[in-house]
Every structure is written in C-alpha cells, then in structure tokens.
Amino acid sequence: MCGYVVGHVEVPEIVSATAPRTRSVTAPIRLVEGLCALMGSTLADKIWSSHIVRSAEGEADLIYIDLHLLHEVNTPAAFAGLRQSGRTVRRPDLTLGTEDHNTPTDDVLRTIDDPAAVEQLDHIRRNCADFGIELYSLGDSSRGIVHVIGPELGLTQPGMTLVCCDSHTSTHGAFGVLAFGIGTSQVEHVLATQTLPMNPMKNMRVVVDGALPLGVSAKDLILAIIERIGTSGGQGHVIEYQGEAIEALSMEARMTVCNMSIEAGARAGLIAPDDVTIDYLRGLPHVPAGAAFDEEARYWRTFFSDDDAVFDKEVHLDASTLSPRVSWGTNPAQSVSIDAVVPDPAAMIDPVERAAAERALDYMDLTAGQRMRDIAVDAVFIGSCTNGRIEDLREVAQVWKGRRVSPDVQVLLVPGSEAVRVQAIDEGLDAVFSDAGVKLRYSGCSMCVALNDDRLKPGQRAASTNNRNFEGRQGRSVRTHLVSPAVAAATAIAGHLATPADLEGAR
Ligand SMILES: CC(C)[C@H](C(=O)O)[C@@H](O)C(=O)O
Ligand code: SF4
C-alpha cells in the first residue's frame with residue numbers, strides 16, 4: 001500500500017463530513033484525492049489510501065468503510081456484542097441486510113422447518129429492526145443474494161470500501177471496489193464504528209491477453225486462472241485483473257471473475273472501472289442522475305493502477321488458448337478442459353498435490369483417464385452469486401430454447417435476486433425454462449451451499465454453476481462439478497457433462 005498518513009482524523013469528523021446520497025449511502029471519502037495522483041500506485045493502494053482514518057507505525061491502518069452488507073449467517077453474535085457493550089450502530093444508513101442463505105426457493109412465504117434457519121432469520125429481523133438497519137426480507141422485491149443485490153441496486157460504486165460477513169464479498173471488486181469478507185468480531189467493529197483496523201495487503205496482477213474463444217465464458221476463465229495459480233496462489237494479495245480479455249467482459253462476467261478470487265486464496269479481486277462499468281451504473285436506483293452522475297463518473301475514472309505501479313506478483317494468461325472447463329476434484333483448482341480426461345494422480349510430481357488428487361478422485365468416485373464428457377450427473381444447479389445473474393439465465397435460455405432437459409436430471413434454476421427473477425419473467429425466459437421442463441425458483445443461495453432444503457442425496461453428482469466444490473458442499477457425500485452456465489445448461493439436456501456445441505444436431 002502506498003501508506004500515506006492522512007493525519008489523525010477522528011472518526012466522528014469524517015462521518016459528518018460525508019455527503020448523503022440518494023439512499024443516504026455516502027460517496028467514498030475523498031480525503032487524499034489528488035495525493036494519490038502520485039505515480040506508482042496500484043488501484044488497491046489508491047482506494048486504501050483514500051480511506052485511511054488513522055495510520056501509525058507498528059499498527060494496523062484504521063480504514064473507513066463505505067458500505068456494510070449483512071446476511072442472516074454470521075451476524076447474530078456481532079449484534080449480541082453490541083448489545084452487551086451498550087453500543088449503537090454508527091451508520092445504519094451505510095448498512096444493509098438481506099436474507100439469502102437459508103431461505104426457501106420453492107415458496108418464499110412458506111413455513112421454514114429448520115429451527116436453525118428460523119432462528120437466524122429471526123435474529124437478523126430483530127437486530128435490523130432494533131438498530132435501524134434496512135433489511136430485505138423474504139417477500140421483498142429487492143431481496144436476493146447479498147453480492148447480487150449490492151451491484152444491481154447501484155450501491156456498489158467504484159472507489160468504495162465494502163465489507164460483508166461473507167467470503168465472496170470479493171464479487172464487488174468488479175466495480176473497482178475494495179471489498180472483503182470479514183468475520184463476526186469485525187462485523188461488530190464495523191457496526192459500532194464504520195471503520196476496520198486492517199493490515200496492508202500485497203498486490204497481485206493477473207493479465208489476460210487475447211480474446212476468449214466463442215463458447216468460453218468468464219467462469220471458464222477464472223477456473224483456468226485458479227488452476228494455474230492454485231488455491232493459495234493469491235494468499236495475502238488483492239488480485240487485480242487486467243488485459244484485453246478482462247476489458248471485453250460485461251459487468252456480470254467481471255463479477256464472476258472477482259467472485260472466485262477468494263478461491264485462489266486472495267483477500268479481494270479488483271477490476272478498474274471503465275466505460276463498461278460506468279454504462280452499467282447509469283440509471284441504477286442508488287446512482288445519482290444528471291450532472292451529479294457525470295461528476296461521479298469523473299471521480300470513478302481516477303481509480304486505476306498507474307502504468308509504473310509495482311505488483312508483488314504477476315501472472316499472464318492467453319485467453320485465446322482456453323476452452324470450457326469442468327472441475328474433477330474437491331477444490332476449484334482441480335479443473336480441466338471439458339475436452340480432457342480425469343487426470344492421473346500418479347503423473348503428479350508434487351506429493352501433496354498427488355495425495356490431494358487421490359483423495360479427491362476417491363470422493364468424486366472418478367477414475368483417472370475417464371473422459372470428462374462421459375461423466376453422467378443426477379442434478380444440475382444453475383444459480384449463486386457466481387452465476388445467478390440475468391446474463392447467465394439468458395445464456396441458459398439460449399441453450400434450452402426448443403429442447404427439454406433430460407428426465408434423469410433434477411434441475412434447480414435459482415436466480416441470484418428477485419430482480420433477476422422478475423427480469424427473466426419480463427424477458428420471457430421463464431416460458432423457455434418451463435417449455436424445457438424447469439421451474440424458475442425464487443432467489444437465494446440455495447444449492448450453492450445447501451443451507452436450506454435444496455440439497456441432494458448422499459452420493460449424488462451435480463454439475464453446478466457455483467464457486468465451491470468442497471466435500472459435502474451441496475449435501476453430505478454429494479459430488480460437485482463446477483461449470484459455466486452454458487455447460488450446466490447443455491449438461492441438463494445431455495444428462496452428462498456437455499457443451500452447447502455437443503447438442504447441435506441432437507435437437
Ligand atoms: C455462510 C457464509 C458465511 C459463507 C461464506 O462466507 O462464504 C457462504 O456464503 C459460502 O459461500 O460458503
Ligand atoms: S451464493 Fe453461495 S457463494 Fe454466494 S454467498 Fe451464497 S452461499 Fe456463498
């Protein structure tokens with residue numbers, strides 16, 4: 001980090017200096033705007049520097065937080081802590097809650113049977129009500145997965161700092177936002193002070209040159225990146241994605257990439273805001289309009305890494321060499337091209353990698369040398385904060401149009417938010433889905449993590465558009481293959497791992 005000391009400003013002064021915006025979410029603080037125009041800074045450095053409240057030798061920097069998102073898991077203890085110490089929430093107007101992880105997707109207003117889920121939902125409702133925090137509850141049209149609703153409401157804006165009690169908070173980095181997942185005690189600290197003590201992070205750059213071939217998506221790209229750098233390749237770093245292939249991605253696709261940064265061990269993912277970002281933000285509910293928008297856009301454009309910025313680590317990839325990917329193991333780095341076969345652990349030189357692969361193949365019930373396309377699935381899950389956005393649903397509809405999913409495959413189609421669900425209906429996608437034999441469900445995390453009723457039976461196998469294929473992630477002993485929405489859609493038709501191109505002629 002560039003480590004500017006921005007005086008020892010007291011938090012209350014800073015807080016009162018911020019200007020309320022549409023939904024009383026404030027613009028990022030601009031204490032050192034101008035200072036960071038100094039050369040040699042990375043994008044992450046610039047955001048960090050412009051949010052330092054206090055910096056002292058040998059201590060963590062105290063960072064101002066522009067937006068704090070909450071969901072029902074991991075927050076009850078934080079509020080209990082506040083109550084115990086008799087504190088209030090410093091900026092309820094910069095805090096927003098949603099219900100997503102253990103909510104039903106078949107009928108949002110039905111009774112929930114799981115007592116743990118009921119308790120967590122009761123907690124977030126009571127806590128948000130008691131502390132004056134807005135909460136999107138079941139039945140609310142703005143509700144959805146926390147990392148889907150922030151961007152679609154226009155709350156996630158370039159140059160901000162954003163935290164949430166959830167590891168995939170890195171998703172918001174697609175907007176040039178320094179966004180981190182935080183633990184319960186940190187949630188309590190942010191609730192009480194709107195700041196967070198943080199140790200500086202290292203900078204890593206992943207440059208993706210060239211163009212993604214037709215049929216290869218952002219999901220395939222990030223799986224390839226993780227396979228290349230490993231699940232701890234980004235440890236301690238903020239990964240900034242750069243290069244032609246990144247610039248060519250839509251905002252939805254950029255969110256898919258940043259979302260999975262955490263699966264490479266990174267603390268956050270980042271993409272510098274550009275015309276694509278600014279066009280996406282224009283007209284969103286919490287984004288200012290007219291002249292104020294132009295002013296914001298000018299400010300947003302100040303967030304980029306300088307040409308001479310120094311990164312602690314760099315990786316280069318050529319997008320044109322990639323093909324659709326599928327995971328074969330139990331972490332997202334264990335993936336191959338769908339054209340490949342299940343790798344042979346015996347051919348792996350590193351003993352740790354070999355042992356992990358042996359264990360993964362055992363859990364996944366796969367044999368080295370088996371063709372990926374020959375792997376039959378019991379279920380397909382399309383959704384999550386990785387791939388539950390409108391573009392993902394459009395992609396699926398394109399594959400399913402005029403086809404029916406295999407009777408042997410259980411398909412769960414879960415939009416990332418209620419807004420995505422309504423948009424899919426408005427665009428007529430739901431008619432394509434129902435003609436294909438699939439019901440569009442209500443939004444939520446669903447089978448991404450199986451904390452609600454959407455889970456498979458032990459031993460079942462799924463192709464899934466989510467981000468984690470850990471043992472037991474989608475239910476006890478359930479086997480997960482991470483795939484893109486296009487591969488998930490084609491797999492649902494074929495009954496085995498497949499690409500849309502494989503279906504041609506089979507209509
Ligand atoms: C339950 C929640 C805290 C968790 C996370 O932190 O990521 C979940 O969202 C996940 O994806 O595993
Ligand atoms: S959709 Fe999955 S990855 Fe995203 S927040 Fe929910 S459980 Fe976590």
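In what follows, every heavy atom counts, from backbone to side chain, and hydrogens, waters and symmetry copies are set aside. It should be emphasised that the depicted structure is a prediction, and the values quoted were computed from it without experimental measurement. Counting starts at 1 for both ligands and their atoms, following the listed order.
Scanning the protein heavy atoms around atom 8 (C) of ligand 1, the nearest turns out to be His101 NE2, 3.4 Å. Among all protein heavy atoms, the one lying closest to atom 2 (Fe) of ligand 2 is Cys448 SG, 2.3 Å. Distance from atom 6 (Fe) of ligand 2 to its nearest protein heavy atom, with residue and atom name: Cys445 SG, 2.3 Å. Protein heavy atom nearest atom 4 (Fe) of ligand 2, with residue, atom name and distance: Cys385 SG, 2.3 Å.
A heavy-atom separation below 4.0 Å is found between Asn467 and ligand 2. Using a 4.0 Å heavy-atom cutoff, Arg473 is listed among the residues neighbouring ligand 2.
Of the candidates Asn466, Asp100, Asn259, Asn259 is the only one forming a side chain to side chain contact (heavy atoms under 4.5 Å, CB included) with Cys385. When each of Thr386, Asn467, Asn331, Ile222 is paired with Glu263, the side chain to side chain contact (heavy atoms under 4.5 Å, CB included) condition holds for Asn467 and for no other.
Atom numbering of ligand 1 starts at 1 in the shown order; those under 4.0 Å from a heavy atom of Asp166 are 2 (C), 4 (C), 5 (C), 6 (O), 7 (O), 8 (C), 9 (O). The ligand atoms of ligand 1 that sit less than 4.0 angstrom from a heavy atom of Arg468 are 7 (O), 10 (C), 11 (O), 12 (O). The distance from ligand 2 to the heavy atoms of Val449 drops below 4.0 Å at these ligand atoms: 7 (S). Short contacts between ligand 2 and Asp166, defined as distances under 4.0 Å to a heavy atom of the residue, involve ligand atoms 5 (S). In summary, the atoms of ligand 2 found under 4.0 Å from a heavy atom of His101, numbered by their order in the structure, are 5 (S), 6 (Fe), 7 (S), 8 (Fe).
Checked by atom type and distance alone, the side chain of Asp362 never pairs as donor or acceptor with a backbone atom of Glu358 at under 3.5 Å. Checked by atom type and distance alone, the side chain of Lys313 pairs as donor or acceptor with a backbone atom of Gly233 at under 3.5 Å.
For atom 3 (S) of ligand 2, the nearest non-hydrogen atom from the set His168, Met260, His71 comes from His168.
Polar contact with ligand 1: present for Ser167 (N/O pair, distance under 3.5 Å). The distance criterion of under 3.5 Å between nitrogen or oxygen atoms is not met by Asn74 with respect to ligand 1. Remark: ligand 1 and Arg473 share an N or O pair separated by less than 3.5 Å (distance only, no angle test).
Side-chain contact between Val206 and Met204 is present, with heavy atoms from C-beta onward closer than 4.5 Å. At least one side-chain heavy atom of Phe175 sits less than 4.5 Å from a side-chain heavy atom of Met251.
A salt bridge links Glu99 and Arg125; the closest N-O separation between the charged side-chain nitrogens and carboxylate oxygens is under 4.0 Å. Classification of Arg359 and Glu471 as a salt-bridged pair holds, one side-chain N sitting under 4.0 Å from a carboxylate O.
Contacts between Asn259 and ligand 2 below 4.0 angstrom, taking non-hydrogen atoms only, are absent altogether. At a 4.0 Å heavy-atom cut-off, ligand 2 does not touch Arg468 at all.
Interatomic distance, CZ of Arg421 versus CZ of Arg143, reported as 9.0 Å (0.5 Å rounding).
Between Phe131 and Phe79, the two ring planes are tilted [angle within 30° to 60°].
Ser446 and Asp454 share a side-chain donor-acceptor pair at under 3.5 Å.
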